[in-house]
Amino acid sequence: MNADPPNSTPSFTAAAWIDVAPLVPHARRAGTIVANTRDTHWITASVLGEVVACAGVIRLPREEYRLKNHFVLPTHRRCGLAGQMIALSLDWCREQNGRVVHVLSRHSWMTPLYNRHGFVTLKARANGGLHLHLSLENV
């Protein structure tokens, strides 16, 4: 678990791409793609004024959504930020009357985290990742 400085409680906010963009080089070095697409709803976590995590949600047809581009700086991992970002993303999907949420993960080691939020694996992907699914109607 990483030790953050005193008074480093993260703050979460809906954000614009300009707030997320500084994380892109860090994400690429870690092998994660963070890219803006039209109509992405962004959430960021900041600690002491620095954006340290991001999560994107895009709307799909038929009241379905996809979580994308979740990234936490390595210095702020293992502190619960990823789980909090997933929970906030799901809250936003519910506010939009979403029925289903998908995750196309390249990182199968993330599966237990998504499972804790109710996601189930639909299928393995050719790139070694997984397609996970959550029905908001059952939660």
Side-chain angles (χ1 to χ4, degrees):
M1 190 162 210
N2 292 325
D4 288 328
N7 302 320
S8 61
T9 302
S11 60
F12 300 92
T13 186
W17 173 246
I18 195 166
D19 303 311
V20 175
L23 292 177
V24 171
H26 301 287
R28 284 194 180 132
R29 281 194 294 278
T32 299
I33 298 168
V34 174
N36 196 28
T37 54
R38 198 173 61 107
D39 299 328
T40 299
H41 173 76
W42 290 102
I43 300 168
T44 58
S46 299
V47 173
L48 300 174
E50 176 190 9
V51 175
V52 298
C54 67
V57 182
I58 58 172
R59 186 183 314 259
L60 303 172
R62 296 178 307 280
E63 298 161 343
E64 295 187 10
Y65 292 82
R66 187 174 87 211
L67 304 187
K68 60 174 250 162
N69 299 147
H70 282 65
F71 178 73
V72 178
L73 284 175
T75 54
H76 289 81
R77 291 183 182 161
R78 314 269 331 140
C79 298
L81 280 178
Q84 289 175 289
M85 299 294 281
I86 291 170
L88 289 168
S89 298
L90 293 176
D91 288 346
W92 186 80
C93 292
R94 286 183 190 95
E95 290 170 8
Q96 306 307 306
N97 297 313
R99 294 182 314 102
V100 175
V101 181
H102 299 273
V103 174
L104 302 176
S105 177
R106 292 179 30 208
H107 308 291
S108 59
W109 52 266
M110 291 286 294
T111 303
L113 176 63
Y114 289 114
N115 291 156
R116 284 194 293 276
H117 290 274
F119 284 88
V120 295
T121 301
L122 285 182
K123 63 181 176 181
R125 299 177 64 208
N127 66 1
L130 298 170
H131 179 181
L132 298 111
H133 164 94
L134 172 67
S135 172
L136 294 176
E137 296 170 336
N138 299 330
V139 179

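Across all non-hydrogen atoms, the minimal contact from His133 to Val100 is CE1-CG1, 3.2 Å. Minimum heavy-atom separation, Pro112 to Trp109: CD-O, 3.4 Å. Minimum interatomic distance between Met85 and Ala55 (heavy atoms only, all atoms of both residues): CE-N, 3.6 Å. For the pair His41 and Ala14, the tightest heavy-atom approach, listed with the atom from each and the gap, is CE1-CB, 4.0 Å. When every heavy atom of Thr40 is checked against every heavy atom of Gly56, the shortest pair comes out as CG2-CA, 3.9 Å.
Atom-to-atom distance recorded for Glu64:CD and Ser135:OG is 9.5 Å, nearest 0.5 angstrom. With rounding to the nearest 0.5 angstrom, the CG atom of Asp19 is 10.5 Å from the SG atom of Cys54. Atom CG of Leu88 sits about 11.0 Å away from atom SG of Cys93, to the nearest 0.5 Å. The distance from the CD1 atom of Ile58 to the OH atom of Tyr65 is 11.0 Å, given to the nearest 0.5 Å. For the atom pair CH2 of Trp42 and NZ of Lys68, the computed distance is 5.0 Å after rounding to the nearest 0.5 Å. Taking CG of Leu134 as the reference point, atom CG of Asn115 lies at 10.5 Å (rounded to 0.5 Å).
Between His117 and Leu113, the closest side-chain pair of non-hydrogen atoms falls below 4.5 Å. At least one side-chain heavy atom of Val20 sits under 4.5 Å from a side-chain heavy atom of Thr44. The shortest distance between side-chain heavy atoms of Val101 and Phe119 falls below 4.5 Å.
Applying the salt bridge (Lys or Arg N to Asp or Glu O under 4.0 Å) rule to Glu63 yields the partners Arg99; only residues at least two apart in sequence or on another chain are considered.
Cluster membership check: Val120 does not share its hydrophobic cluster with Leu67, using side-chain heavy-atom separations under 4.5 Å among Ile, Leu, Val, Met, Phe, Trp and Tyr. Under a hydrophobic-cluster definition in which Ile, Leu, Val, Met, Phe, Trp and Tyr are linked whenever side-chain heavy atoms come within less than 4.5 Å, directly or via other members, Tyr114 and Leu122 are assigned to different clusters.
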Legend entry - side-chain contact (heavy atoms from CB on, under 4.5 Å) assessment of Ser89 paired with Ile43: CA-CA 7 Å; Ser89 298; Ile43 300 168; 3.9 Å; yes
Inset, instruction - Take Leu132 and Met110 through the side-chain contact (heavy atoms from CB on, under 4.5 Å) test and state the conclusion after the steps. - result: CA-CA 11 Å; Leu132 298 111; Met110 291 286 294; over 6 Å; no
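Between His131 and His102, the angle of the ring planes lies from 30° to 60°, which puts this pair in the tilted group.
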